[in-house]
There are 2 protein chains.
Amino acid sequence: MDLSILAPIGSCVALLFALYLARKVLKEDEGNDQMKKISASVRAGANAYLKRQYTGVVVFFVILFVVLVGLGLGGFLTMFAPFAFVTGGFFSGLSGFIGMKIATAANARTAQAASKSLNSGLKVAFSSGAVMGFVVVGLGLLHISVWFFFLKYWYADPAHLTVAAGKTFEEAQIQAITSAMLTFGMGASAMALFARVGGGIFTKAADVGADLVGKVEIGIPEDDPRNPAVIADNVGDNVGDVAGMGADLYESYVGSIISTSALAVAAGFGLKGVTIPMAMAAIGILASIIGTFFIKTKEDATQKSLLSALRRGTWISGAIIAVAAYPLIYYGLGKENIGFFFAVLSGLLAGILIGITTEYYTSDTYKPTQKLAATSMTGPATIIIGGLSLGMLSTVLPVIIVGVSVLVSYRVSGGAGGIGDPSFNQGLYGVGLSAVGMLSTLGITLATDAYGPVADNAGGIAEMCGLGEGVRKRTDALDSLGNTTAATGKGFAIGSAALTALALIASYVAEIQVIDPDFVFDLSIINPPVLIGLFVGGMLPFLFASLTMEAVGNAAQSIVVEVRRQFKEIKGLMEGKAEPDYASCVDICTKSAQKEMVLPAVLTVVSPLVVGLILGVNGICGMLGGATVSGFILAVMMANSGGAWDNAKKYIETGAHGGKGSDAHKAAVVGDTVGDPFKDTSGPSINILIKLLSMVAIVFASLILNYHLF
Amino acid sequence: MDLSILAPIGSCVALLFALYLARKVLKEDEGNDQMKKISASVRAGANAYLKRQYTGVVVFFVILFVVLVGLGLGGFLTMFAPFAFVTGGFFSGLSGFIGMKIATAANARTAQAASKSLNSGLKVAFSSGAVMGFVVVGLGLLHISVWFFFLKYWYADPAHLTVAAGKTFEEAQIQAITSAMLTFGMGASAMALFARVGGGIFTKAADVGADLVGKVEIGIPEDDPRNPAVIADNVGDNVGDVAGMGADLYESYVGSIISTSALAVAAGFGLKGVTIPMAMAAIGILASIIGTFFIKTKEDATQKSLLSALRRGTWISGAIIAVAAYPLIYYGLGKENIGFFFAVLSGLLAGILIGITTEYYTSDTYKPTQKLAATSMTGPATIIIGGLSLGMLSTVLPVIIVGVSVLVSYRVSGGAGGIGDPSFNQGLYGVGLSAVGMLSTLGITLATDAYGPVADNAGGIAEMCGLGEGVRKRTDALDSLGNTTAATGKGFAIGSAALTALALIASYVAEIQVIDPDFVFDLSIINPPVLIGLFVGGMLPFLFASLTMEAVGNAAQSIVVEVRRQFKEIKGLMEGKAEPDYASCVDICTKSAQKEMVLPAVLTVVSPLVVGLILGVNGICGMLGGATVSGFILAVMMANSGGAWDNAKKYIETGAHGGKGSDAHKAAVVGDTVGDPFKDTSGPSINILIKLLSMVAIVFASLILNYHLF
């Protein structure tokens with residue numbers, strides 16, 4: 001059986017399932033008029049933002065399209081590349097867009113359902129998260145399938161293919177296919193970068209701005225409808241945590257599959273090897289769908305039982321994948337290559353373990369965050385030092401987990417020897433498969449993650465519309481759970497980004513070998529271009545984090561000014577007699593996010609080019625390695641510091657160390673505010689940075705091979 | 001002429017010059033009885049601390065001595081290694097000890113001299129700093145010379161040397177010499193680690209503890225004699241910023257010279273190549289001495305003219321070195337190798353440029369720190385975000401400077417080709433020479449740096465003894481200048497650490513090739529052990545920073561408790577009628593620093609062993625590379641964030657944004673407190689971490705070659 005057929009089947013099943021869930025969600029009652037109104041405002045704001053974002057992105061894509069066409073005409077790229085680039089961007093954006101659409105449709109419905117029972121609320125919120133999860137994997141795999149079958153058909157014609165000396169026709173065919181497919185990874189990455197950075201700036205600018213004036217200066221509670229930035233804050237959850245996260249993981253998912261496929265030839269597996277990652281993804285989709293049916297809860301559910309309900313789904317999916325991967329590898333690659341099965345397993349396991357360590361360091365049910373909360377007693381300085389220290393410490397286990405996973409998957413796949421040795425390439429293919437294994441549960445992990453912002457919004461709506469104590473309690477339970485799943489999801493996103501980035505670096509090397517089989521690599525870390533590349537690459541995530549944090553600060557500043565202005569100029573606002581101008585805050589966030597995301601994006605695309613033109617291919621490899629290592633570590637640190645500060649504050653709000661309003665609480669609020677851009681803007685954006693750098697390097701590989709200084 | 005004779009001459013000149021300066025300083029008047037008393041307390045505290053520290057360190061050294069003897073008996077090391085290790089540690093400690101002695105003797109004298117004129121104050125403070133500078137370079141070069149001549153004599157006897165097949169006698173001789181000499185680098189590094197980490201914890205625990213209770217809770221000014229931690233704070237300046245800095249740079253200095261010497265054989269220069277770095281260092285000493293005579297100022301000096309007085313000295317020294325290096329290389333290595341002269345120049349220049357960027361990002365006369373000060377207007381959260389962002393941004397230029405310097409020095413030295421190629425090794429030797437070039441001005445740069453804490457202490461004494469407005473103004477001018485030179489000095493320490501670490505990595509590779517000429521390296525960054533090593537190494541500085549920040553927090557906490565206790569229990573303390581128990585605070589700091597420095601030290605020594613035993617030689621190289629890259633970046637970030645927060649606070653204290661006591665000022669104090677462990681504990685300790693990791697790897701090279709898992 002040709003296993004490649006599994007991919008379109010899996011993707012269609014995912015999309016149909018998403019459609020089914022979406023219709024189910026939309027059938028739910030949206031509640032009373034006020035709820036509808038607020039929900040509509042959020043929807044309108046999110047639409048406005050995405051429209052604006054896509055308009056800006058189109059300019060960027062048109063410029064790069066022209067550049068790629070130029071490269072194609074110059075013979076540096078296949079003629080499909082520019083189109084693959086555009087479709088990659090389009091589908092990545094579409095995933096985020098659909099996810100955002102359903103999330104903004106589900107928020108009021110979740111609040112309304114929660115007024116019936118906790119289980120109903122969970123069902124609606126989780127279903128809408130699942131729509132996003134399955135749209136991402138479905139569109140991702142569909143996109144891959146369409147291009148794969150088209151390119152396979154196209155390059156089956158000998159007239160369309162030049163076969164290099166010493167290569168078989170099949171080898172040349174696969175290389176042509178995978179080269180073109182890698183280009184759409186770049187499109188997806190670029191789109192994801194805009195979504196993550198732009199969305200991240202939007203959501204945190206609104207959040208910080210709303211809090212600084214509302215909570216701190218004026219003294220009104222969070223989510224108070226009198227605060228002009230409150231709608232912008234809700235919009236931010238959707239454009240940042242939903243649309244941004246969706247585009248990010250779409251890109252990891254697609255990236256891991258195509259980069260692993262691209263490694264198949266060098267590993268000696270031919271077309272069979274190309275289809276295994278796709279088939280693996282298809283199995284993951286089916287397993288994820290089955291897993292969703294195990295997620296339900298009883299009315300008397302505690303936070304713990306809610307969490308275990310969500311976990312049950314993920315773990316059942318993981319178990320199914322583990323079982324199904326065995327026959328897939330056995331029949332797909334042959335009995336003698338069963339080692340690759342263990343590579344898949346190691347990736348699966350690594351994903352789960354990273355999630356657990358993230359939870360350990362950021363949940364207030366464990367010691368680190370509780371200890372952090374205690375440091376608030378001696379003021380803001382000590383909780384900042386404590387949080388940074390916690391974040392740095394929390395990088396140790398994820399590094400070891402990723403390291404062990406890479407080593408295991410390399411070894412069990414038979415890897416040994418140096419570059420060019422078939423066993424070496426087999427090992428790298430194994431590393432790629434472990435990334436695919438990790439991401440195979442994406443349908444359901446993304447569902448549990450995207451569910452969080454929906455529950456958060458539902459809580460906001462419940463608050464603004466005064467739905468009563470019982471409903472609030474239920475949405476709070478859902479929301480609080482969402483914080484945990486969001487932290488776990490972030491850990492998962494970072495871990496998968498690291499493995500995917502490694503697979504992409506290997507693909508880059510493979511791509512260079514395809515373009516110029518005589519190219520002699522010297523990737524020794526003590527080879528100066530590599531070494532300097534390592535330094536420059538290691539610095540890029542720091543620069544990127546600096547720019548994005550600065551951007552949040554600037555944008556938040558403009559929100560502060562606007563909110564202050566409205567409280568001063570709109571009469572009766574404070575008394576609740578007049579309505580604030582929500583739209584102007586949404587508009588300011590939108591404009592700021594658009595403006596501020598340009599520099600980081602340009603930096604990411606330009607860096608590999610500049611480094612490559614100066615230091616050549618070896619230097620680029622160094623840069624990619626340095627960026628992956630330091631980016632992974634910095635991203636873990638920022639996400640966990642941020643998560644721990646957030647939960648330390650919540651822990652104090654439950655009454656510890658003096659509770660709400662105490663000096664300790666004020667100190668914890670400072671920690672939380674510092675943590676906001678850490679965990680929701682800079683940290684997650686770094687995931688995309690490290691992948692996009694590789695993608696750009698791959699696409700411009702031919703150019704750099706021909707033109708470089710050293 | 002045998003150029004090696006320059007080394008003992010240079011070292012003796014340095015030591016005699018230091019002696020001359022020390023006598024001159026000690027002849028100065030120490031002021032009135034109260035000044036003498038305070039100065040004596042500080043001296044007693046510093047002595048007590050160092051005594052305790054050295055006792056703890058002796059245990060560590062004895063254990064490692066036994067381990068090294070064991071390795072020697074097992075045939076994994078030369079029999080000189082354990083002794084070299086011990087002498088390395090001893091001289092490193094001695095440098096710090098002497099520096100501390102003179103600094104604690106000079107503080108009251110500086111205050112007294114400043115009551116005469118600004119120029120007198122500057123002379124005393126600078127002279128005492130210069131004692132430390134020239135003791136460090138003098139002892140360093142003396143130590144190297146003694147071992148070099150002894151080992152050369154010893155291995156001249158064919159009975160003491162096994163010459164491997166295909167090697168000349170001279171080659172074998174040099175390899176035996178440099179191998180043994182690398183071991184004392186490890187001793188110096190280990191000692192430096194204790195001095196930096198222990199001193200760093202001491203100084204910041206005292207500082208933070210004194211401020212949290214004194215300034216924040218009780219509301220008495222800084223340096224108020226009623227504060228029980230005020231003497232501990234002054235002691236901290238001496239044990240951290242003087243003794244710690246001295247041991248650190250002793251180690252960089254020695255490390256750069258011996259690692260470059262060790263690269264001489266592979267580069268094909270034989271004994272001549274070994275002596276060049278030593279001769280270079282000797283020239284640097286003479287140039288530095290000349291430079292000191294150009295440092296003087298007029299009574300109406302502004303901060304700017306004071307700074308340019310100090311700079312004049314450094315630049316004149318640099319210029320002399322640049323001129324003298326030409327004939328040295330010309331006659332030492334031959335006309336055809338004059339390229340190495342430019343390598344030296346590039347190092348010299350890089351050191352100066354890194355200092356300038358540090359100043360740009362941390363001095364309040366430039367925009368970044370002024371902008372940071374403005375973020376304090378919206379509270380502590382925004383100034384924290386701003387400072388972190390500034391620190392991250394400030395890593396860009398140093399990375400580029402180091403990168404360009406490495407590339408230039410490699411290229412001008414004829415470097416090309418892969419590992420084992422003579423031109424490659426020539427290039428690495430050039431990189432080593434650039435590190436030597438950078439550090440050749442150490443005598444005078446360290447003088448301008450160590451002068452800072454002396455001026456700071458003098459200011460404290462002037463304050464405590466009420467020496468009057470005029471004197472205070474002069475010591476303040478000196479102190480404020482000290483902050484700038486300290487920041488520049490930190491940049492210099494970090495830059496030289498990075499280049500030295502790179503030279504050490506190259507020496508490690510050379511050492512492996514000596515031990516096992518058949519060993520096949522695969523240092524490709526995509527070779528899994530290397531890659532995993534990169535990840536683990538990249539994580540180590542973060543772990544190290546986390547542990548040291550945590551340590552400062554814990555130690556500061558115990559000071560807070562003690563100071564609170566004294567104010568509660570000692571009657572009349574607040575009214576100035578009773579004396580606080582200064583000694584108990586010094587004692588608590590001492591104990592905490594001792595306890596807390598164990599874990600980071602053990603971590604540093606154990607990590608290369610664990611990584612090596614699991615991942616082998618290639619994995620160790622990856623680890624060293626990863627640690628150097630991420631350590632350099634993190635150290636720059638932490639030093640600059642800390643420096644900028646400090647100066648932003650000072651800037652506000654001059655009246656900006658509401659001045660002292662305003663909300664902006666309170667926010668800035670939070671930033672400064674977070675910055676304290678950043679810039680004075682964790683940041684500088686990372687410098688040593690990255691060098692010690694390499695040293696340990698070199699010493700245990702044979703063992704790891706024989707025993708490793710992968």
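We use all heavy atoms of the structure for the numbers below, so side chains are in, but hydrogens, waters and symmetry mates are not. In what follows, every chain begins at residue 1, and chains take the letters A, B, ... in the order their sequences are listed.
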Review point. Which one, B:I505, B:L534, B:V396, leads in non-hydrogen pairs under 4.5 Å with chain A?
Key: B:V396
Exercise for review: Using a cut-off of under 4.5 Å on heavy-atom pairs, state which of B:N527, B:L543, B:L407 scores highest against chain A.
Suggested key: B:L407
Point to revise | Plane angle bin for A:F542 and B:F542 - parallel if under 30°, tilted between 30 and 60°, otherwise perpendicular | key: tilted
Point to revise | Most contacts with chain A, counted as non-hydrogen pairs under 4.5 angstrom, among B:T628, B:V509, B:D522, B:V399 | key: B:V399
Point to revise | Donor-acceptor side-chain pairing of B:S434 and B:S346 below 3.5 angstrom | key: no
Review point. Picking from B:G538, B:G403, B:G675, which has the most non-hydrogen pairs under 4.5 angstrom with chain A?
Key: B:G403
Practice item. Measure A:F544 against the heavy atoms of chain B and call it side chain, backbone, both or neither at under 4.5 Å. Key: neither
Exercise for review: Output the option from A:L624, A:L502, A:I400 having the highest count of non-hydrogen pairs under 4.5 Å with chain B.
Suggested key: A:L502
Exercise for review: Answer with side chain, backbone, both or neither: which region of B:I532 has an atom nearer than 4.5 Å to a non-hydrogen atom of chain A?
Suggested key: side chain
Point to revise | Part of A:K371 lying under 4.5 Å from any heavy atom of chain B | key: side chain
Revision key, fill the gap. Looking only at B:V406, B:V536, B:I633, B:T673, most heavy-atom pairs under 4.5 Å shared with chain A are made by B:I633
Point to revise | Pairs of heavy atoms under 4.5 Å with chain B: top-ranked of A:D672, A:V560, A:L393, A:L390 | key: A:L393
Practice item. Specify the closest pair of heavy atoms between A:V530 and A:S524, including all atoms of both residues, with the distance to one decimal. Key: CB-O, 3.3 Å
Review point. With a 4.5 Å limit on heavy-atom distance, are the side chains of A:S607 and A:L540 in contact?
Key: yes
Practice item. For B:S630 and A:S630, test the side chains for any donor-to-acceptor distance below 3.5 angstrom and give the result as yes or no. Key: no
Exercise for review: Using non-hydrogen atoms and a 4.5 Å limit, figure out which bit of A:P677 sits close to chain B: side chain, backbone, both or neither.
Suggested key: side chain
Exercise for review: Could you tell me whether the side chain of B:M549 reaches within less than 4.5 Å of the side chain of B:M638, counting heavy atoms only?
Suggested key: yes
Check your understanding: Going by atom types alone, do B:S682 and B:T548 pair a side-chain donor with an acceptor below 3.5 Å?
Key -> yes
Review point. In terms of side-chain heavy atoms, does B:Q426 have a donor or acceptor partner in B:S413 at a distance below 3.5 Å?
Key: no
Study note, to complete from the structure: All heavy atoms of B:A627 vs all of B:I690, minimum pair found to be O-CG2, 3.3 Å
Check your understanding: For the candidates B:A545, B:P528, B:A381, which exhibits the highest count of non-hydrogen atom pairs separated by less than 4.5 Å from chain A?
Key -> B:P528
Revision key, fill the gap. Turns out that what part of A:F632 lies under 4.5 Å from chain B's heavy atoms comes down to side chain
Exercise for review: Measure distances from A:L428 to the heavy atoms of chain B and classify the residue's part below 4.5 Å as side chain, backbone, both or neither.
Suggested key: side chain
Review point. Would you say A:Y508 and A:V617 make side-chain contact, with heavy atoms under 4.5 Å?
Key: yes
Revision key, fill the gap. So, the part of A:L388 with a heavy atom under 4.5 Å from chain B: the answer is both
Check your understanding: Given a strict heavy-atom distance threshold of 4.5 Å, which part of A:Y410 is in contact with chain B: side chain, backbone, both, or neither?
Key -> side chain
